[in-house]
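In listed order, ligands and their atoms are each counted from 1.
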Amino acid sequence: MSDNSEVKYGRPSATTGTSNLGEAVGGADTARRPVTVPEIRARKGGMPLTMVTAYDATFARMLDDAGIEMLLVGDSLGMVVQGNPDTLGVGVDDIVYHCKAVARGNRWAHVVGDMPFLSYQVTPEEAVRNAGRILAEGRAHAVKLEGGAAMAATIRRIVDVGIPVMAHVGLTPQSVHALGGFRVQGRDDAAAQRILADAHAVTDAGAYALVLEGIPGELAARITEEVSIPTIGIGAGVHCDGQVLVCYDLLGMTADLRPKFVKRYDEGHTRVVGAAQAFRDEVRRREFPGPEHTFGMRKRPVPVTGTG
Ligand code: KIV
């Protein structure tokens, strides 16, 4: 296939062969083309990658406009969208539904659909079928699943049918009850060795990238140095090949939840509450809607009437 294949078969690209490092801040689309799995792999050790969760079309478009390279339709939606205390109640239908919305809003970013609890752990056949649905119906470009050595054979099966898999080790939220809560993992030598072995196992199984969640920075740095695929950290220090945050955390949408690993880049909760209060107050004072927000009657031509 020639270098022009992307123009023929991919999404429209004005700039085949140019940089895709997210310089398009402010919407300079001429500098952008779709972010692909090979490109993500090639960023190992290079300019750090960014991934943010998205659950709907509007947020997907804003994050894509910001030059975020990867949008994760995370099963964190069970907590931040559905209001549950953990991610365990999310189903494949939920992920497919939210992936569809994100895919419609997105233009350039790489969309990853999370495989929910029990959608891949029962049999590899079910795992392949569910991963396939997330791509075929949800229009995601890849799936993510939690687990290390125990999931290696499943990852291999999914990868073998042509579905890219992002792995996820360390604090794996679907195991919240086994872990005794959302706790940092790998703090002692034996646990760190197990996570290191998990990272190697998923890499050998064919994963194209690896989320490292809730582990000491030194351990994440060592894994990043040893594995050949990009590591994407969350609560794993600065030495990963990229970073991921839940969009509601990044935007400061919660009043009281302030985990150590999150940096709030805005105070969304204060701003949204403030905006809603301003609306409420203006409505009560009959200041909104003003004339500029109000439709008038269509002006009818005045009928010409004869005088006699
Ligand atoms: O579901 C999710 O949002 C995640 C990220 C926190 C990595 O898995």
* Asked: So, does Thr53 use its side chain to make a donor-acceptor pair with the main chain of Cys247 at under 3.5 Å?
  -> yes
* Asked: Around ligand 1, what residues show up once you keep those with a heavy atom under 4.0 Å from it?
  ->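 Heavy-atom contacts below 4.0 Å: Thr53, Leu72, Gly74, Asp75, Ser76, Asp114, Lys144, His168, Ile234, Val246.
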* Of all heavy-atom pairs between Leu49 and Glu69, which one has the smallest distance, and what is that distance? ->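 For Leu49 versus Glu69, the nearest heavy atoms are C-OE1, 3.9 Å.
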* What orientation do Phe59 and Tyr248 show, parallel under 30°, tilted 30 to 60°, or perpendicular over 60°? -> tilted
* Output yes when Glu267 and Arg271 qualify as a salt bridge under the 4.0 Å nitrogen-oxygen rule, no when they do not. =>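 No, no charged N to carboxylate O under 4.0 Å.
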* Structure fact -> CE (Met115) and NZ (Lys144) are apart, to the nearest 0.5 Å, by 11.0 Å
* Asked: Are Tyr208 and His110 an aromatic pair by the rule of ring centers under 6.0 Å?
  -> yes
